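Bear in mind that the values here come from a model prediction, so they are computed numbers and not experimental data.
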Amino acid sequence: MAVSGLVVAGSIAGAGTAVADDTFQHRGGAAATLDGLRTFDKAVLHTDGETRELPAGLFEMTVDGGGKLKTYCIDIHNPTQNQAKYLETPWAQTSLGANKNAGKIRWILQNSYPQVDDLAALADDAGTGPLTAQTAAAGTQVAIWRHSDNADVDAVDPQAEKLADWLERSADHLGEPRASLTLEPGAVSGRSGELLGPVTVRTDADSVAVSPPADAAAMGIEVTDKDGKPVTEVTDGARLYFDVPEDTADGTASLSVQATTSVPVGRAFAGVTKSQTQILAGSSESTVSATATATWAAQGAIPAITAEKNCAKGGVDVTAANKGDEPFTFQLAGEEYEVEAGKSRTVTVPVAEDQAYDFTITGPGGFTENFQGVLDCRTTGNAAPPADETTTQLAPASAGVTAGTDGLDLAETGTSNATPVIAGVAIGLVLLGGAAVFFFRKKNDPSTEE
């Protein structure tokens, strides 16, 4: 697989500066925009004694930076949103984390359309009779819904229904596929004059080029291996370090990884705002990326901040590690926390299901970081319908199709009667996320924080 470069991105600046390009959480991988439902047929959902017809099939997404994805829905009771932004997401941060049949969904993806694009062979294996792309996609989606949502759903087309039944019966458990690209951990810190890290590269790509930008090189900051040797090319599992000269002013730098590769089938995609969770059925060569940050100082508190959705606890885990020689204190959700020198601490901020959140963590000297997202861990949510449902009401499967196209209006492809309300919650949080670059100044106060 061809791979583009790994670079140190962003500027190196003095204390007190804070810049954030993207405050939405993303551990790494592909980011994409939902284009529409492209290959589909009809299905019928039976729930609470009622019957509802809905479209079932393959969505398409356009990847930021280049590439296309094909996905199925794993969230039948929620609607999709037009041109919604999606991020590649670990299973544990979606409804798949608590779903004992998640591995069966991956088996279905590997053994049906579009991974198996010989429809005659697929029909022969499943004993369905002739299949089209539309009926194959519908049958596959129906089988997935039975495992992802425990839904009582049937395909309208007889051949599609036979395919769904065969896939449901035949499915075996497969493990979660690895992320297309991540850097672990997302943040490191330490004293200037030391190697800061390691940051481990996790990728399916064959190789990754390393190329620090001119502004970092001008300050003598390099990305190296554990021996301090500058890195020009790495592979999966490589450990990278920030080599910061001893006389460098206190600051922060961001390491960005970017590659071109096929995203593994079975990776989950969660909406940045509330929108049907999706699972990957196929990928072109696509641009994937990840970021990590390093913060350094000569002395005082030297924090590294990360955050991660915790579906098991119903919230967001905020972790602060302090590699300095003084305590680091910070404000989060109206409370003050302290991390001793050389220690780390994790605080879980409760967030309601389907709730949008906007957390800010603050510390002395103007230190601030922001993190935003939606906690979407279950296939049925708690949000109440909006006052006016006219724009989000589910339409019949034929509705929303534009003449001359095979797409549907995305707000009409779920089975919820209303788009869940996205209520912002301002609770303060920690995260040096995505391409965010923050800087802080060492304080005279002995309890200096981040």
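- Within 6.0 Å of CG in Asn150 there are 12 or fewer heavy atoms belonging to other residues, nucleotides or ligands.
- Side-chain contact between Asn99 and Ile105 is present, with at least one heavy-atom pair separated by less than 4.5 Å.
- Under the side-chain contact (heavy atoms from CB on, under 4.5 Å) test applied with Thr277, the options Leu96, Asn78, Thr89, Ile74 reduce to a single match, Ile74.
- Considering Leu58, Ile108, Val116, Leu122 as possible partners of Thr140, the one that fulfils the side-chain contact (heavy atoms from CB on, under 4.5 Å) test is Ile108.
- For the atom pair Asp354 CG and Asp376 CG, the distance stands at 5.5 Å (nearest 0.5 Å).
- Here the side chains of Ile279 and Arg267 are not in contact, with every heavy-atom distance at 4.5 Å or above.
- Every pair passing side chain to side chain donor-acceptor pair (under 3.5 Å) that includes a residue from residues 54-72 is listed here, sequence neighbours excluded: Asp35-Thr62, Asp35-Lys68, Glu60-Lys70, Thr62-Lys68, Asp64-Lys85, Thr71-Gln278.
- In summary, of the residues considered (Leu240, Val231, Thr182, Asp236), a side-chain contact (heavy atoms from CB on, under 4.5 Å) with Val201 occurs for Leu240 alone.
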Side chain to side chain contact (heavy atoms under 4.5 Å, CB included) assessment of Asn101 paired with His173: CA-CA 7 Å; Asn101 291 320; His173 291 279; 4.1 Å; yes
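- Screening Thr379, Leu54, Asp75, Leu45 for a side-chain contact (heavy atoms from CB on, under 4.5 Å) with Trp145, the sole residue that qualifies is Leu54.
- Within the 4.5 Å cutoff, the side chain of Thr287 has heavy atoms near those of the Gln258 side chain.
- Surrounding CZ of Arg239 are at most 12 heavy atoms belonging to other residues, nucleotides or ligands under 6.0 Å away.
- Checking side-chain atoms of Gln83 against main-chain N and O of Thr33 turns up no donor-acceptor pair under 3.5 Å.
- Closest non-hydrogen pair, Tyr113 versus Ala136, comes out as CB-CB, 3.8 Å.
- Using a 4.5 Å heavy-atom cutoff, the side chains of Leu375 and Cys377 are in contact.
- Asp317 and Thr348 share a donor-acceptor pair across their side chains, judged by distance under 3.5 Å alone.
- Side-chain contact of Ser180 with Glu88: a donor-acceptor pair under 3.5 Å is present, judged by distance alone.
- Nearest heavy-atom pair, Pro177 versus Gly266, reported as atom, atom and distance to 0.1 Å: CG-C, 3.6 Å.
- Thr135 places no side-chain N or O within 3.5 Å of a backbone atom of Leu131 that could act as its donor or acceptor partner.
- Distance alone, capped at 3.5 Å, places no donor-acceptor pair between the Thr306 side chain and the Gly186 backbone.
- Here the side chains of Ser170 and Asn111 are not in contact, with every heavy-atom distance at 4.5 Å or above.
- Put simply, OG1 on Thr295 and CZ on Phe242 are 9.0 Å apart, with the number rounded to the nearest 0.5 Å.
- Put simply, the side chain of Phe330 reaches to within 4.5 Å of the side chain of Val339, judged on heavy atoms.
- Of the possible polar contacts, one joining the Asn322 side chain to the Ile302 backbone as a donor-acceptor pair under 3.5 Å is found.
- A side-chain donor-acceptor contact under 3.5 Å links Asp149 to the backbone of Ile76.
- Under the 4.5 Å side-chain criterion, counting only non-hydrogen atoms from C-beta, Leu195 is not in contact with Lys226.
- A donor-acceptor distance shorter than 3.5 angstrom exists from the side chain of Glu176 to the backbone of Trp91, with no hydrogens or angles considered.
- The residues Glu161 and Arg146 are annotated as salt-bridged, a charged nitrogen and a carboxylate oxygen being separated by less than 4.0 angstrom.
- Remark: side-chain polar atoms of Asp48 are not paired, donor with acceptor, to backbone N or O of Glu50 under 3.5 angstrom.
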Before you tell me yes or no, could you show the steps for Trp166 and Asp125 under side chain to side chain contact (heavy atoms under 4.5 Å, CB included), namely the whole-Å CA-CA distance, both residues' side-chain angles and the distance that decides it to 0.1 Å? CA-CA 9 Å; Trp166 177 75; Asp125 288 342; 4.2 Å; yes
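- The structure places OG1 of Thr252 at 6.0 Å from CH2 of Trp296, a figure rounded to the nearest 0.5 Å.
- Distance check, rounded to the nearest 0.5 Å: OG of Ser344 to NZ of Lys323 gives 9.0 Å.
- The two residues Leu167 and Ala143 have their closest heavy-atom pair at CB-CB, 3.8 Å.
- Listed here is the closest heavy atom pair of Gly28 and Ala290: CA-CB, 3.8 Å.
- Counting all heavy atoms, side chain and backbone alike, Phe269 lies closest to Ala30 at CE2-O, 3.7 Å.
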Under the side chain to side chain contact (heavy atoms under 4.5 Å, CB included) criterion, do Phe359 and Val316 qualify, and how do the steps go? CA-CA 10 Å; Phe359 299 117; Val316 178; 3.8 Å; yes
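- Using a 4.5 Å cut-off on side-chain heavy atoms (C-beta onward), Val153 and Val44 make no contact.
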Please walk me through it: do His147 and Glu168 pass side chain to side chain contact (heavy atoms under 4.5 Å, CB included)? CA-CA 8 Å; His147 287 304; Glu168 183 184 12; 3.9 Å; yes
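- Without hydrogens or angle criteria, Ser286 side chain to Gly67 main chain gives no donor-acceptor distance under 3.5 Å.
- With 3.5 Å as the limit, one finds no donor-acceptor pair spanning the side chains of Glu285 and Thr261.
- Of all heavy-atom pairs spanning Ala281 and Val265, the tightest one is O-CG2, 3.7 Å.
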